[in-house]
Amino acid sequence: MVERILHYHSFTIRVGYEPGLIHITNNINLWRFLDSNVRERTEWLANAIKQDYESIYGNPLKIKRKSFLMEIWGHLYFEYYLLKLTHFFGINHQSKTLQHLLQRSASIDCGESAQDNNRFIWDFLALFFKLFTYFLPNNISSEGLKK
């Protein structure tokens, strides 16, 4: 795996690259990066990843733009809302189920259809891309949910 750090102003985002797959580290840096201008910044991230991928492997990453953005948001906001709900209901953060779900959220893994068996889900959700963009929350890092 090839690992790179992408820089956007003062933000750093760690990305791992494999043939047909990318892995975005879902940490507080990513959350801060997406605190504002969520759509524009996610598009910048997807474009930067695709450019890096092509420079590394010599061929384009075969994931449609909207599908790629939907998958990033799907993983990121799944964790965000999971943490919000556990905080609201006072659920113990040490529970095995919660730890398993949070561990799966630590990396946003996106792949081409041949590598990612749920690519069709993100392709389908991409049909409703414009609708989803109206519901993207801002300032997610300021709530103190992610450490």
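All residue numbers in this chain count up from 1 along the given sequence. What you see is a predicted model, and the numbers here were worked out from it, not measured in a lab.
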Do Glu43 and Arg65 meet the salt-bridge criterion of a basic N to acidic O distance under 4.0 Å?
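Looking at Arg65 and Glu43, the cut-off is met.
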### Task
Tell me, yes or no, whether the heavy-atom count around Glu40 atom CD, taken from other residues, nucleotides or ligands under 6.0 Å, exceeds 12.
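Count over threshold, so yes.
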Counting only heavy atoms not in Arg41 (residues, nucleotides, ligands), do more than 12 fall under 6.0 Å from its CZ?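 Yes, CZ of Arg41 has more than 12 neighbouring heavy atoms, counting only those of other groups under 6.0 Å.
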Quick one: does [X]'s side chain get under 4.5 Å of [Y]'s, heavy atoms only?
X      : Y      : answer
Asn26  : Trp31  : yes
Leu34  : Thr42  : yes
Phe132 : Lys66  : no
Leu61  : Glu112 : yes
Glu143 : His87  : no

What heavy-atom pair brings [X] and [Y] nearest, and what distance separates the two atoms?
X      : Y      : value
Ala126 : Ser67  : CB-N, 3.7 Å
Thr12  : Ile5   : CB-CG2, 3.7 Å
Gln115 : Gly20  : CG-O, 3.7 Å
Val38  : Pro137 : CG2-O, 3.6 Å
Ile56  : Arg4   : CG1-NH2, 3.6 Å

Spacing of [atom1] belonging to [X] relative to [atom2] belonging to [Y], to within rounding of 0.5 Å:
X      : Y      : atom1 : atom2 : answer
Phe68  : Lys62  : CZ    : NZ    : 14.5 Å
Asn27  : Arg32  : CG    : CZ    : 9.0 Å
Leu102 : Glu79  : CG    : CD    : 5.5 Å
Leu101 : Phe78  : CG    : CZ    : 5.0 Å
Glu71  : Arg119 : CD    : CZ    : 4.5 Å
Ile72  : Cys110 : CD1   : SG    : 5.5 Å

Check: Trp73 ring centre within less than 6.0 Å of Phe135 ring centre: no
*asked:* Quick one about Asp109 and Ser107 (side-chain donor to acceptor, distance below 3.5 Å, no hydrogens or angles considered), yes or no?
replied: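 On atom types as modelled, these side chains qualify, holding a pair under 3.5 Å.
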May I ask you to check whether Asp35 and Ser141 show a side-chain donor-acceptor distance below 3.5 Å?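 Yes.
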**Prompt:** Are Leu21 and Trp122 connected in the hydrophobic side-chain network, where two residues link if heavy atoms are under 4.5 Å apart?
**Reply:** no
In terms of relative ring orientation, are Tyr80 and Tyr77 parallel, tilted or perpendicular, with 30° and 60° separating the classes?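 Rings of Tyr80 and Tyr77: perpendicular, as their planes differ by over 60°.
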Anything under 30° is parallel, anything over 60° is perpendicular, the rest tilted; go ahead and classify Phe128 against Phe124.
perpendicular
Give me the one residue out of Asp116, Asp52, Ile49 that meets side chain to side chain contact (heavy atoms under 4.5 Å, CB included) with Ile22.
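Running side chain to side chain contact (heavy atoms under 4.5 Å, CB included) over Asp116, Asp52, Ile49 with Ile22 returns exactly one hit, Ile49.
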Checklist entry - Short question: side chain of Lys130, backbone of Leu127 - any donor-acceptor pair under 3.5 Å? => result no
**Message:** Could you walk me through whether Asn37 and Trp44 satisfy the side-chain contact (heavy atoms from CB on, under 4.5 Å) test, starting with their C-alpha distance in whole Å, then the side-chain angles of each, then the deciding distance to 0.1 Å, before giving a yes or no?
**Reply:** CA-CA 11 Å; Asn37 303 312; Trp44 177 89; over 6 Å; no
